[in-house]
Amino acid sequence: MSIARIVHRHLDVGDVRVFYRESLPDRDDAPVLLLLHGFPSASHQFRRLIDALGGRYRLIAPDYPGFGHTQAPEGFTYSFDRLADVMEGFVQRLGLTRFAMYVFDFGAPVGFRLAERHPEWIAGLVVQNGNAYAEGLSQAARDFIALRPETPGAEKAVRDLLTPSGTRFQYESGVAHPELLAPDGWTLDQHFLDLPGRKEAQVALAFDYHTNVESYDRWQAWLHRHTPPTLIAWGTGDPFFPEPGARAYLRDVPDAELHLFEAGHFALETHLSEIAPLVAGFLDRVWSEKY
């Protein structure tokens with residue numbers, strides 16, 4: 001068995017100091033997977049996946065501004081366009097020219113912005129509860145996205161999700177076997193959410209989320225036009241992005257490989273042993289076709 005060598009580094013992208021985790025495989029030509037995390041988490045959500053696969057593949061997991069260990073300057077504008085700007089600069093600083101993307105939750109709007117800007121970068125997509133379709137929004141998600149700063153009580157509704165109970169809910173909701181969930185994930189997420197300025201960043205991103213829904217048509221057109229190799233691994237108990245969002249991808253990428261799991265939003269927390277081999281097989285196929 002190949003043991004992953006994992007490094008933890010910072011990389012300056014403009015005035016943002018991006019923290020990232022990277023596995024160093026034995027092969028220089030190993031497949032590359034950019035891991036784009038969700039809310040309210042950071043690159044630490046991929047630690048176990050990197051441990052499982054990092055010996056064979058180059059896995060790179062950055063923290064966005066406002067998340068994890070990444071340091072953004074005072075006055076940074078928190079929007080999904082700006083998160084994508086920083087991730088675009090991060091990829092360019094690393095010198096990556098071709099890679100697969102793992103897009104989860106917030107990783108989907110960040111990743112699809114990258115794909116629109118640089119379709120030549122994208123060797124394939126692993127989509128895990130990363131939504132790009134209207135039918136993939138639950139009513140709770142629609143109500144949340146409809147919040148605007150001027151709406152009475154809107155900011156309180158967002159901040160209620162940033163509490164320990166709100167963070168834990170995102171892990172436990174829809175999970176068939178809660179005893180499989182380690183508390184480490186939501187505990188670490190809450191640590192970062194409680195840092196100075198982090199809740200304000202999340203409020204700004206929440207009020208900007210409608211720009212993602214408004215971009216769905218463009219992202220679907222991109223998928224239809226480019227039909228990238230796609231693996232879909234979806235937790236069907238997700239309270240935000242239900243199962244129809246997974247199946248909707250097949251309209252635009254009919255050859256996508258679809259796997260549904262009796263899991264919640266953070267499907268890797270309970271189904272790593274099933275999802276990791278799927279990702280490995282997918283990367284092997286994508287890279288064999290590439291070369």
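Because the structure is a prediction, the values reported are computed rather than measured. Residues take their numbers from the sequence shown, with the count starting at 1.
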Tell me yes or no: between the side chains of [X] and [Y], is some donor less than 3.5 Å from an acceptor?
X	Y	result
His224	Gln220	no
Trp219	Glu116	yes
Glu269	Tyr171	no
Thr167	Asp189	no
Asp105	His37	no
Thr77	Ser79	no

Kindly write out the residues that satisfy side chain to side chain donor-acceptor pair (under 3.5 Å) with Arg113, not counting sequence neighbours, or none if the list is empty.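 Result, side chain to side chain donor-acceptor pair (under 3.5 Å) vs Arg113: Asp81, Thr211, Asn212.
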Is the Trp222 ring parallel, tilted or perpendicular to the His226 ring (thresholds 30°, 60°)? tilted
Students often mix this up, so state it plainly: with edges at 30° and 60°, are the rings of Phe104 and Phe266 parallel, tilted or perpendicular?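 Tilted, since the angle between the ring planes falls between 30° and 60°.
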By the ring pair (Phe, Tyr, Trp, His ring centres under 6.0 Å) test, which pairs, at least two apart or in different chains, include something from residues 16-35?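 Checked against ring pair (Phe, Tyr, Trp, His ring centres under 6.0 Å) - neighbours excluded - the pairs reaching residues 16-35 are His10-Phe19, Phe19-His69, Tyr20-Phe90.
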Applying the ring pair (Phe, Tyr, Trp, His ring centres under 6.0 Å) criterion to Phe39, which one of Phe240, Tyr78, Phe106 satisfies it? Phe106
So, Phe207 versus Tyr209, ring centres under 6.0 angstrom or not?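 Not under 6.0 Å, so no.
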Asp194 with Arg198: basic N within carboxylate O range, under 4.0 Å: no
Looking at Asp26 and Arg56, is any side-chain nitrogen of the basic one under 4.0 Å from a carboxylate oxygen of the acidic one?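 The answer is no: the pair does not qualify as a salt bridge.
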Value rounded to 0.5 Å, distance of CZ in Arg218 from CG in Leu223: 12.5 Å
Name every donor-acceptor pair, under 3.5 Å, that has one atom in a side chain of residues 243-253 and the other anywhere in the protein, sequence neighbours excluded.
residue : atom : partner : partner atom : Å
Glu243  : OE2  : Arg247  : NE           : 2.8
Glu243  : OE2  : Arg247  : NH2          : 3.0
Tyr249  : OH   : Gly130  : O            : 2.6
Arg251  : NH1  : Glu135  : OE2          : 2.5
Arg251  : NH2  : Glu135  : OE2          : 3.3
Asp252  : OD2  : Tyr133  : OH           : 2.6

